[in-house]
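Encoded as structure tokens, the structure appears first; notes follow it.
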Amino acid sequence: MIDRPQLHLALALEAGGWHPAAMHGDGPPSADYWTNLALEAERGLLDFLTFEDVLAPHPSGSSPAPGRLDAPLLATWAAARTAMIGVVPTLTVTHAEPFHTATAIATLDQMSDGRAGYRVRVSGRRQDSARVGRQRPDDYDIPDLADPGFLSSMADRFDQAAEHVEVANLFWDGRVDFTGRWYRAEGRPVTVRSPQIAPPVTVLAHMTTAYRLAARVADLVYVTPRDGADARAIVAEIRTLRAEAGRKHDPLPILGELVVFLDATPDAAAARKARLDAEAGAEFVSDASIFTGTPAELADLMEEWCQAGLAGFRLRPGAVPADVPAITRELVPQLRARGLFRKKYETGTLRERLGLALVEGPSA
């Protein structure tokens, strides 16, 4: 068999699933629920799990929205109950301090023996600011992509996020003496050195402003193409921005985002989504493409999009109880039969698994 590039595969966990009607009971899922999900993903040999951090309750279809669990703590719980799979919580850095980010993720990296990373999330929503008590006059309720004021505000927030990552990295590297536009920080890290030195930084990007953030600071980026041609154009844009940021030779895996509803036949998958839509009272839409079909059809689509330059995918299960096992027990064997996915975990850190450059020890 001709050797083929192995794609990366991550699972984005969100309560009962990404469809708002796919809830888990009347409150946050239990500890055992998350443990079983993490173990199922690890049995499927997935690269890593991500955990959402949105400063709002989980949306629901017809019932009151249950609360959320803290993403870094949830990731720590999953890390303690698994042995190989990576754990990547989302952090809303707009309302966080770089010192706290560096400390939390370094601790997670210690607890997971080098399997940690984090996703940078940027927020400009008024309700998010209100919850943490950091309101700004340019906070918004509904984004208006045609409003120059909105675009300027978000450009500032993405610049702030880039500076946040820069300062957090300094805390991993050694002594900090930094003064920038958004942060001033000095001192030494309080945690012991984490196994990866610098756990991978990941960014979800939908547009040029976010692509530019990813090009500047990310080790891995998630994107939301609509088809193979769109994937090719996005990859080309990010590669150009990476070069402009002076990081042309730094690896940057680009993963496609898909919300998936999987079943034995395309009609059955579509019908399952339709039932959830009916329960929610509206058709489900997403920032990412929505796939309904069989695991074999999904494997076909993934193979096609990888030919456009994607290094893999982060899959969002539409409804966890049905779609997670379909990914781990049906999709993964399909990919493996095509020579596109691993047959076992290799030892090493998450950075090594993702093919990222290893980081030298602290400078001071």
Side-chain angles (χ1 to χ4, degrees), residues 2-12 41 44-50 84-88 115-120 196 198-206 210-243 245 247-260 288-289 291 298-316 327-328 331-332 334-346 348-359:
I2 299 175
D3 288 338
R4 307 178 69 183
Q6 302 284 291
L7 61 81
H8 297 296
L9 189 57
L11 185 65
L45 305 182
L46 273 58
D47 287 73
F48 60 92
L49 299 168
T50 65
M84 299 297 291
I85 197 166
V87 284
V88 179
R115 293 183 282 133
Y118 73 103
R119 177 169 84 85
V120 174
Q196 297 181 99
V201 176
T202 74
V203 171
L204 171 61
H206 305 301
Y211 298 157
R212 188 172 290 112
L213 171 66
R216 291 170 62 185
V217 305
D219 298 299
L220 179 147
V221 57
Y222 319 102
V223 297
T224 55
R226 296 299 163 182
D227 53 36
D230 193 25
R232 193 178 303 278
I234 291 170
V235 168
E237 182 175 0
I238 292 174
R239 297 297 182 208
T240 298
L241 292 169
R242 187 76 157 181
R247 301 188 64 187
K248 178 179 180 179
H249 300 294
D250 293 346
L252 181 64
I254 301 174
L255 305 190
E257 294 268 307
L258 287 168
V259 182
V260 298
S289 290
F291 175 88
L298 178 56
D300 290 340
L301 182 147
M302 294 168 73
E303 189 170 6
E304 175 192 345
W305 286 17
C306 281
Q307 291 171 1
L310 297 181
F313 294 84
R314 185 173 76 142
L315 301 181
R316 309 178 190 178
I327 290 168
T328 57
L331 173 65
V332 165
Q334 284 281 342
L335 297 173
R336 190 176 292 133
R338 303 169 192 223
L340 294 172
F341 200 65
R342 66 176 62 88
K343 295 181 179 179
K344 65 177 182 178
Y345 281 123
E346 302 294 339
T349 65
L350 182 58
R351 289 193 72 89
E352 291 172 312
R353 181 177 302 156
L354 296 173
L356 303 174
L358 300 184
V359 180

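Hydrogens, waters and symmetry mates play no part in the numbers below; they use all other heavy atoms, side chains included.
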Only one of V88, L204, V87, L11 passes side-chain contact (heavy atoms from CB on, under 4.5 Å) with T50, and that residue is V88
Here the gap from L335 atom CG to Q6 atom CD, rounded to the nearest 0.5 Å, amounts to 9.5 Å
In this structure, CD of Q334 is separated from CZ of F341 (nearest 0.5 Å) by 13.5 Å
Just so I know, are the side chains of [X] and [Y] near enough to count as touching, which here means a heavy-atom distance under 4.5 Å?
{"X": "L7", "Y": "C306", "result": "yes"}
{"X": "I254", "Y": "R239", "result": "yes"}
{"X": "M84", "Y": "R353", "result": "yes"}
{"X": "E352", "Y": "L358", "result": "yes"}
{"X": "V217", "Y": "V120", "result": "no"}

List in chain and number order the residues that pass side-chain hydrogen bond (donor to acceptor under 3.5 Å, both in side chains) with [X], two or more places apart in sequence or in another chain; answer none if no residue qualifies.
{"X": "R342", "answer": "D47"}
{"X": "Y211", "answer": "none"}
{"X": "R115", "answer": "T82"}
{"X": "S289", "answer": "none"}

Considering non-hydrogen atoms only, spot the tightest contact between [X] and [Y] and give its length.
{"X": "A10", "Y": "L46", "answer": "C-CD2, 4.3 Å"}
{"X": "A218", "Y": "L252", "answer": "O-CD1, 3.6 Å"}
{"X": "V359", "Y": "A198", "answer": "CG2-CB, 3.9 Å"}
{"X": "R242", "Y": "P251", "answer": "NH2-O, 3.1 Å"}
{"X": "A41", "Y": "L49", "answer": "CB-CD2, 3.5 Å"}
{"X": "A311", "Y": "L255", "answer": "C-CD2, 3.9 Å"}

All salt bridge (Lys or Arg N to Asp or Glu O under 4.0 Å) counterparts of [X], not counting sequence neighbours:
{"X": "D250", "value": "R247"}
{"X": "E257", "value": "R314, R316"}
{"X": "R351", "value": "D219"}
{"X": "E303", "value": "R4, R338"}

Excluding sequence neighbours, so at least two apart, what forms side-chain contact (heavy atoms from CB on, under 4.5 Å) with [X]?
{"X": "A210", "result": "F158, A205"}
{"X": "A231", "result": "P225, A308, L310"}
{"X": "L301", "result": "L258, F291, W305"}
{"X": "R216", "result": "D159, A162, R212, A245"}

**Item:** side-chain contact (heavy atoms from CB on, under 4.5 Å) between V332 and L45, intermediate numbers included
**Value:** CA-CA 8 Å; V332 165; L45 305 182; 5.7 Å; no
Would you please test L331 and M302 for side-chain contact (heavy atoms from CB on, under 4.5 Å) and show each step? CA-CA 10 Å; L331 173 65; M302 294 168 73; 3.9 Å; yes
[X] side chain to [Y] backbone, donor-acceptor under 3.5 Å:
{"X": "Y222", "Y": "F313", "answer": "no"}
{"X": "T202", "Y": "Y118", "answer": "yes"}
{"X": "R232", "Y": "D227", "answer": "no"}

